[in-house]
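The chains referred to below are lettered A, B, ... by the order of the sequence lines, with proteins before strands, and numbering in each begins at 1. As the structure is a computational prediction, the values presented were derived from the model and not from experiment.
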2 protein chains.
Amino acid sequence: MGINERKERERAEMRELILKAALELFIEKGFENVSIRNIADRIEYSPTTIYLYFKDKQELLHQIHDHGFSMLSGYFVALAAEPNPFERLRLMGLSYIKFATENQELYELMFVQQNADEYLAQMGEDWDQGGDAFGILKHNVEECMRAGQLPLNNVEVYSFYIWSSLHGMIMLNFRQRCISVLSEEFKKTMLIAGFELFFNNLRLITKP
Amino acid sequence: MGINERKERERAEMRELILKAALELFIEKGFENVSIRNIADRIEYSPTTIYLYFKDKQELLHQIHDHGFSMLSGYFVALAAEPNPFERLRLMGLSYIKFATENQELYELMFVQQNADEYLAQMGEDWDQGGDAFGILKHNVEECMRAGQLPLNNVEVYSFYIWSSLHGMIMLNFRQRCISVLSEEFKKTMLIAGFELFFNNLRLITKP
DNA sequence: TTTGTTTACTTAACACTGTTAACTACATTT
DNA sequence: AAATGTAGTTAACAGTGTTAAGTAAACAAA
């Protein structure tokens, strides 16, 4: 009696179809600027059909949110090959910036979109996609400290500090709150310049 | 014939009344969650009246945006009294964090809200509120470098780097993307802990 | 003081939004 | 073949930003 299996499969396919369209549209126009009707139009179904597969617009966001964290992890897998902890940390930073700039809208969905908050609060311990990525960072920081490549310090604070710096640069770069404030030439290179300054400073701290 | 003057005054008062209500509501509920009708209700006028004083909802945002930058400057005035450049820079950082946490919604309006971008682009050179604040930062950084309290380096890059770090910590603190990721006790102190680590590191870099 | 005109404001409407209730038409079970 | 379940639909509700048309009061001119 494979009939239930087939139905389940069809249901999963439909969910995937909706999610794919939603992701495309969110990335094209941003979460707020995409309506359920837009998504329905793209997949050629009635708007209400979407509500048979997802509780509401928020749930679509959450799914894509999680998808984003999986993608981010994908950017990190190649790093394991690098044996030097500090260099690995540096490459991790570069990968993070690469992910953010290559997937700007998705990055915003993951780290800026407010609506995700309550969902994460509700998920609580069960939400590990983000924990995974942050776990890798903490692990690298810890190894750096053990190898004498970072000063011995609270690993969590240090990881947060590194993450913040990159996130801040990325966000200030996205929102160009610097049109008249920064020199034209700097606007393009600011992310990399800031990143390099940051990591050189990290190096300086430990090399006395 | 002071009749035109009176009318002008009344018009300015009405603008102020609308702006005040809009600011209150934006801070209470966030920009996206406030409708023109909400604002109109609060001041007991019809929704369309607001359009006689402001082009659209965006223009309300822009006004409040500028208001926010004025407020931020206000947080910085007391700093001039501090003679030591590095200590002044540190206090400036603390003031920035204070402003952000005391005026969370306003801070988001200023540095996160996307819609502000095109307005700033259009304003271009004429928008100096932000330039003022960033100018003070650059000035302080430059003085630190001259006093040997920061390594000689590109002032703009260094200022951007400092600003980014604080902005990143503030934003990661606002969006608690760390519920399951950070230890409970750290969540409350993360901003200050991160800030202190950051400035201690800045000190370490220059003290060889 | 009685006209005409400008101005401040309102009502009604348009095209959109997320979401729900009621309905249809088909697939599955009996 | 009849009964049941269900995937998908249409219609609707209450809300959104925004505009066009209308009203009533304040002013200027006669």
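- Atom pair A/Glu44:CD and D/dT9:P shows a separation of 11 Å (rounding to whole Å applied).
- In terms of the ring-ring contact (aromatic ring centres under 6.0 Å, His included) criterion, A/Phe54 has no residue partners (sequence neighbours excluded).
- Residues passing the salt bridge (Lys or Arg N to Asp or Glu O under 4.0 Å) test with A/Glu13: none are found, sequence neighbours excluded.
- For A/Asn84, the side-chain hydrogen bond (donor to acceptor under 3.5 Å, both in side chains) test picks out A/Gln149, with sequence neighbours left out.
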* nucleotides 18-27 of chain D: protein proximity per nucleotide (B base, S sugar-phosphate only, - neither; heavy atom, under 4.0 Å) -> BBB------S
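- Heavy atoms of B/Ser35 sit under 4.0 angstrom from primed sugar atoms or phosphate atoms, though from no base atom.
- A salt bridge between A/Glu142 and A/Lys138 is absent, with no side-chain N of the basic residue lying under 4.0 Å from a carboxylate O of the acidic one.
- Going from atom CD of B/Glu59 over to atom C1' of D/dG17 covers 15 Å, rounded to whole Å.
- Annotation: salt bridge (Lys or Arg N to Asp or Glu O under 4.0 Å) contacts of A/Glu44 (sequence neighbours excluded): none.
- A search for salt bridge (Lys or Arg N to Asp or Glu O under 4.0 Å) contacts involving B/Glu143 returns B/Arg88, not counting sequence neighbours.
- The distance between atom CZ of B/Arg15 and atom C1' of C/dA8, rounded to the nearest whole Å, is 16 Å.
- Rounded to a whole Å, the CD1 atom of A/Ile43 is 9 Å from the P atom of D/dG8.
- Relative to the six-membered ring of B/Tyr53, B/Arg11 meets both conditions, a distance below 6.0 Å and an angle of at most 45° to the axis.
- For B/Ser46, whose side chain is taken as the heavy atoms from C-beta onward, the closest listed nucleotide among C/dT10, C/dC9, D/dG17 is C/dT10.
- Comparing the start and finish of the helix from C/dT1-D/dA30 to C/dT30-D/dA1, five pairs each, the helix axis swings through 20°, to the nearest 10 degrees.
- Residues passing the salt bridge (Lys or Arg N to Asp or Glu O under 4.0 Å) test with B/Glu28 are B/Arg42, sequence neighbours excluded.
- Each of A/Asn38 and B/Tyr45 lies near DNA chain C, and the nucleotide nearest B/Tyr45 is the one positioned closer to the 5' end.
- Spacing between atom CD of A/Glu10 and atom P of D/dT6 amounts to 14 Å, rounded to whole angstrom units.
- Rounded to an integer number of Å, the gap from B/Tyr53 OH to C/dA8 P is 6 Å.
- In this structure, B/Glu13 places its CD atom 15 Å from C1' of C/dA8, rounding to the nearest Å.
- With sequence neighbours excluded, no residue forms a side-chain hydrogen bond (donor to acceptor under 3.5 Å, both in side chains) with A/Thr189.
- In this structure, the ring-ring contact (aromatic ring centres under 6.0 Å, His included) partners of A/Tyr161, at least two apart in sequence or on a different chain, are A/Tyr158, A/Phe198.
- DNA chain C lies under 4.0 Å from no heavy atom of any residue of residues 25-34 of chain B.
- For residues 90-102 of chain A, the set of pairs meeting the side chain to side chain donor-acceptor pair (under 3.5 Å) definition, not counting sequence neighbours, comprises A/Tyr75-A/Glu102, A/Glu87-A/Arg90, A/Tyr96-A/Tyr107, A/Tyr96-A/Trp163, A/Lys98-A/Glu102.
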